Amino acid sequence: MSKLVAVTGATGFVGPHLVAALTRHGWKIRVLVRRWSPLPSLAGVEAELVLGDVSDEAALRRLVDGADTVIHAAGLIKARWPADFMAVNRDGTALASALAPAARFVLLSSLAAREPLLSPYGASKRAAEEAVAGRSGPWLVVRAPAVYGPGDRETLAYFRAVARGFAPRPKLPDARLSLIHVADLADALALAVERPPPASVCEIDDGRDGGYDYGDMQAAAEAALGRTARTLAIPRVAMDGIAQVNRISHTLGGPVQIPDARQGEGNFPQRLDGP
């Protein structure tokens, strides 16, 4: 009998790739969904569906009932109020963990949890990690860096800027970032189910020593889009201002978006030069 893996966040960016990876590994899958409408991101995948969200105790109980492993990939990356991050990222994680005391619990976290004082998001992810680390059953926290690949709406904004001829970057000469392709992250999480490591907080990336600078990002985007772009260095004070405008706008009803006729969803590089 295949073991049962319960998954939250299955309809987000990472979720469909994760469910596909688990399917390739032969696991039985049960996923939490917020509505019964058709789910094109899960087309062709055999999975039991549970209707609800991470604040719904009854739905979470149904989701984790009999599960050998729970992969908690649901979470907020944008919110109208700082308290919303805690309500979903911390409290939703704590509830899911408490309802599955004997199952192995895998939390998909973020490198932002390293520095919880820098943002409400980072604080909520660290609080979620602490909730998991305090459980009696087996657990694993996987801190992901910036994740890119098909279906990513966050990195897409950068590609749209390059498509318009500008490659924005922080005006910091040593700015670097770690990356991982979404398919690689999904495979790593599936392997954590198949060959579970000891309880720990681990950080994952694509294996490139020193990560990437924004010149690397620009070169990858230009190659994917088949055009060149002018580097646009943005001072820290301007970045803080843009972030504040986005926070205010999101509080009033949605994030600031720059419309562009070219969507570019299919133009992501399959991988950068990590393994």
Side-chain angles (χ1 to χ4, degrees), residues 13 75-86 89 109-127 143-149 151-182 203-206 208-265 267-269 272-274:
F13 167 42
L76 282 184
I77 60 172
K78 294 179 180 179
R80 293 190 175 187
W81 306 105
D84 294 340
F85 285 117
M86 286 294 183
N89 295 345
S109 186
S110 166
L111 284 181
R114 280 183 175 182
E115 300 292 342
L117 298 180
L118 290 182
S119 68
Y121 171 73
S124 70
K125 298 303 282 187
R126 173 65 73 86
R143 287 179 178 172
V147 185
Y148 70 96
D152 174 22
R153 305 296 299 183
E154 300 305 311
T155 309
L156 180 59
Y158 180 82
F159 277 72
R160 284 176 169 168
V162 174
R164 292 194 295 270
F166 296 97
R169 58 168 297 162
K171 198 173 184 179
L172 298 168
D174 299 325
R176 303 188 70 82
L177 67 161
S178 297
L179 294 169
I180 191 167
H181 192 276
V182 64
E203 297 180 348
I204 189 170
D205 58 49
D206 67 1
R208 172 156 169 163
D209 290 340
Y212 299 86
D213 62 26
Y214 280 84
D216 299 320
M217 289 286 292
Q218 180 175 344
E222 289 174 338
L225 295 169
R227 66 159 303 163
T228 58
R230 177 179 299 177
T231 300
L232 179 63
I234 303 174
R236 176 62 183 267
V237 63
M239 293 176 62
D240 290 343
I242 292 169
Q244 182 64 20
V245 169
N246 272 284
R247 281 193 292 268
I248 294 171
S249 175
H250 203 72
T251 298
L252 295 175
V256 172
Q257 295 181 342
I258 301 174
D260 193 311
R262 291 169 291 189
Q263 297 300 303
E265 283 85 346
N267 290 329
F268 292 99
L272 296 184
D273 62 353

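As the structure is a computational prediction, the values presented were derived from the model and not from experiment. What you see below is based on every heavy atom in this structure, not just the backbone, and it leaves out hydrogens, waters and symmetry mates.
- Closest of all the heavy-atom pairs between G215 and R169 is N-NH1, 4.3 Å.
- Looking at Y148, its side chain never comes within 3.5 Å of a backbone N or O of E154 through a donor-acceptor pair.
- Checked against side-chain hydrogen bond (donor to acceptor under 3.5 Å, both in side chains), R143 has the following partners two or more places apart in sequence or in another chain: E129, E203.
- Across all their heavy atoms, P168 and Y214 have their closest contact at O-CD2, 4.1 Å.
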Test side chain to side chain contact (heavy atoms under 4.5 Å, CB included) applied to Y121 and S110, step by step: CA-CA 9 Å; Y121 171 73; S110 166; 3.4 Å; yes

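- For V182 against G149, the heavy-atom pair with the smallest separation is CG1-CA, 4.1 Å.
- Closest of all the heavy-atom pairs between A233 and P235 is O-CD, 3.7 Å.
- Between the N89 side chain and the L76 main chain, a donor and an acceptor come within less than 3.5 Å of each other.
- Of all heavy-atom pairs between T155 and V147, the closest is OG1-O, 3.8 Å.
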Evaluate the criterion side chain to side chain contact (heavy atoms under 4.5 Å, CB included) for residue pair I77 and F13; output intermediate values, then yes/no. CA-CA 11 Å; I77 60 172; F13 167 42; over 6 Å; no

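- Here the side chain of R227 pairs a donor or acceptor atom with the backbone of A163 at under 3.5 angstrom.
- Atom CG of L179 sits about 5.5 Å away from atom CE of M217, to the nearest 0.5 Å.
- Put simply, the side chain of E222 gets close to the backbone of A229: a donor and an acceptor are under 3.5 Å apart.
- S178 and D205 share no side-chain donor-acceptor pair at under 3.5 Å.
- Distance CD1/I234 to CG/L232: 5.0 Å, rounded to 0.5 Å.
- Residues A224 and F159 approach most closely at CB-CE2, 4.0 Å, considering heavy atoms.
- At a threshold of 4.5 Å between non-hydrogen side-chain atoms, the residues F166 and Q218 do not count as touching.
- Once rounded to the nearest 0.5 Å, the distance linking CZ of R176 with CG of D213 reads 5.0 Å.
- The side chain to side chain contact (heavy atoms under 4.5 Å, CB included) search around E115 returns L118, not counting sequence neighbours.
- The distance from the CZ atom of R164 to the CG atom of L225 is 11.5 Å, given to the nearest 0.5 Å.
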